[in-house]
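Encoded as structure tokens, the structure appears first; notes follow it.
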Amino acid sequence: MTVQKLFPVLFLQLALAFLLAGLTNAGGLQLGFYRRACPDAELIVHQTLYRYISRDRTLAAPLLRMHFHDCFIRGCDGSVLLSSTKKNQAEKDAIPNQTLRGFNVIDAVKSALEKKCPGVVSCSDILALVARDAVLMIGGPHWDVPTGRRDGRVSIANEALFNLPSPFANITVLKQQFSATGLSVKDLAVLSGGHTIGIGHCTLISNRLYNFTGKGDTDPSLDPRYAAQLKKKCKPGNSNTVVEMDPGSFKSFDEDYYTIVAKRRGLFQSDSALLDDAETRDYVRFQSRTQGSTFAQDFGESMVKMGYIGVLTGKQGEIRKRCAFVN
């Protein structure tokens, strides 16, 4: 290759390097934030989490959901981890968060980090790292997590009650809620794919099955054969039974979710809603048709993007000693 041809290539490589460096430091977060203060931080997170996931793969879904629920309220600041006090009901106790589980896992990771590097690693960073590693441990993609978040001191139940994306939401509301956090319509379609793992309670779909318009009818957007299967599991008034969001592979992170949604078998109204918008519908059909050809990469990119929402950095917030309590 001649010098004349080599120069443009080197210039492009340098430009790309500077661009990536800029993205890495955007919002005060950076890759390897703890490399000096706690060089084994990510290894400790991974090893501690593995002890739980290796025994119970179903923990991955609620741990991923916990990070999602944290970031959508006040940003990714660990506010979902705070416990209620006599004077304040925290996000953790809001109705949408009452089915979250895995707080003991976060506490175990925090305890292990505090033994090694006291007062260094934030609970909000732990959430981001645990979500990534939980997905990886059940067959999902790996992505680099920029760290450096600090923990918030405020957690209000009503904010979670009214601002978290709802399983009953239509596509208009979902797009508005994602846009309000800086996430795109594509991010909505991609992050919805997280429903490839986990379960849903019958109470969340009872209305779809038995009284969708108040006339004792079934949601017409739901495949009738699938609705009949769900009715066998979810009898009227049943509040305890759970159903798989991705039947047959709800413990494995894969692209099956999009095939299910494309067949009008999305469990929640918010899943079916993806077929009501041209952009989200095209994404669903593309992943279904190509066996998720870009889903793994897209999911990692959208998770990183979500992890920047409203972060506290520098001297903002604090590094909690225990994740459930402000210092």
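Starting from 1, each residue takes its place in the sequence as its number. Only this structure's heavy atoms are used, side chains among them; waters, hydrogens and symmetry mates stay out.
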Mark yes or no for whether Ser111, through its side chain, and Asp107, through its backbone, hold a donor-acceptor pair below 3.5 Å. no
Heavy-atom closest pair (Lys115 atom, Pro118 atom, distance to 0.1 Å) is O-CD, 4.5 Å
SB check Arg132 Glu42 (cutoff 4.0 Å): yes
Is the number of heavy atoms from other residues, nucleotides or ligands under 6.0 Å of Gln297 CD greater than 12? no
Do you know which two heavy atoms are closest between Ile73 and Asn163, and how far apart they sit? CD1-CB, 3.6 Å
Near-ring test Phe299/Phe253, centroid separation under 6.0 angstrom: yes
Are Tyr283 and Tyr258, when compared by the centres of their aromatic rings, separated by less than 6.0 Å? yes
Strictly distance-based, threshold 3.5 Å: is any side-chain N or O of Asn238 a donor or acceptor partner for the main-chain N or O of Asn240? yes
Any side-chain to backbone donor/acceptor pair from Asp151 onto Gly78? Under 3.5 Å, distance only. no
Got a donor-acceptor contact below 3.5 angstrom from the Glu244 side chain to the Gly248 backbone? yes
Nearest heavy atoms of Val243 and Cys234, plus distance in Å: CG1-SG, 4.0 Å
The test is side chain to side chain contact (heavy atoms under 4.5 Å, CB included); show your working for Val304 and Glu301 and say whether it passes. CA-CA 5 Å; Val304 170; Glu301 290 175 356; 5.9 Å; no
Shortest non-hydrogen contact between Thr218 and Leu209, atoms and distance: OG1-O, 2.8 Å
In Å, rounded to the nearest 0.5 Å, how long is the span from SG of Cys71 to CG of Leu164? 11.0 Å
Using modelled atom types and a 3.5 Å cut-off, is there a donor and acceptor pairing between side-chain atoms of Asp217 and backbone atoms of Thr213? yes
A quick test of your reading: do over 12 heavy atoms of other residues, nucleotides or ligands sit less than 6.0 Å from CZ of Arg101? yes
Main-chain N/O of His67 paired with Asp70 side-chain donor or acceptor, under 3.5 Å: no
Looking at Lys305, I want to see if its NZ is surrounded by more than 12 non-hydrogen atoms of other residues, nucleotides or ligands under 6.0 Å. yes
When you check the side-chain N and O atoms of Glu255 and Thr196, is any donor under 3.5 Å from an acceptor? no
For a salt bridge (Lys or Arg N to Asp or Glu O under 4.0 Å) with Arg265, tell me which candidate from Asp223, Asp246, Asp256 qualifies. Asp223
With distance as the sole criterion, is a donor-acceptor pair present between the side chains of Lys92 and Ser83 under 3.5 Å? yes
Taking all non-hydrogen atoms of both residues, which atom of Ile156 and which atom of Glu91 are closest, and how far apart? O-CG, 3.6 Å
State whether a side-chain donor-acceptor pair under 3.5 Å links Arg320 with Ser124. no
How far apart are the closest heavy atoms of Ala273 and Leu174, and which atoms are they? CB-CD1, 4.2 Å
Can you check whether Ser79's main-chain N or O pairs, donor with acceptor, with Ser155's side chain at less than 3.5 Å? yes
Roughly how far, to the nearest 0.5 Å, is CZ of Phe178 from OG1 of Thr280? 11.0 Å
For Phe268, is there any backbone N or O sitting under 3.5 Å from a side-chain donor or acceptor partner on Asp271? yes
Can Lys263 be said to sit on top of Tyr226's aromatic six-ring, NZ or CZ under 6.0 Å from centre and within 45° of the ring axis? no
Counting N and O atoms only, with roles assigned by atom type, does the side chain of Ser122 sit under 3.5 Å from a partner on the main chain of Arg149, one being a donor and the other an acceptor? yes
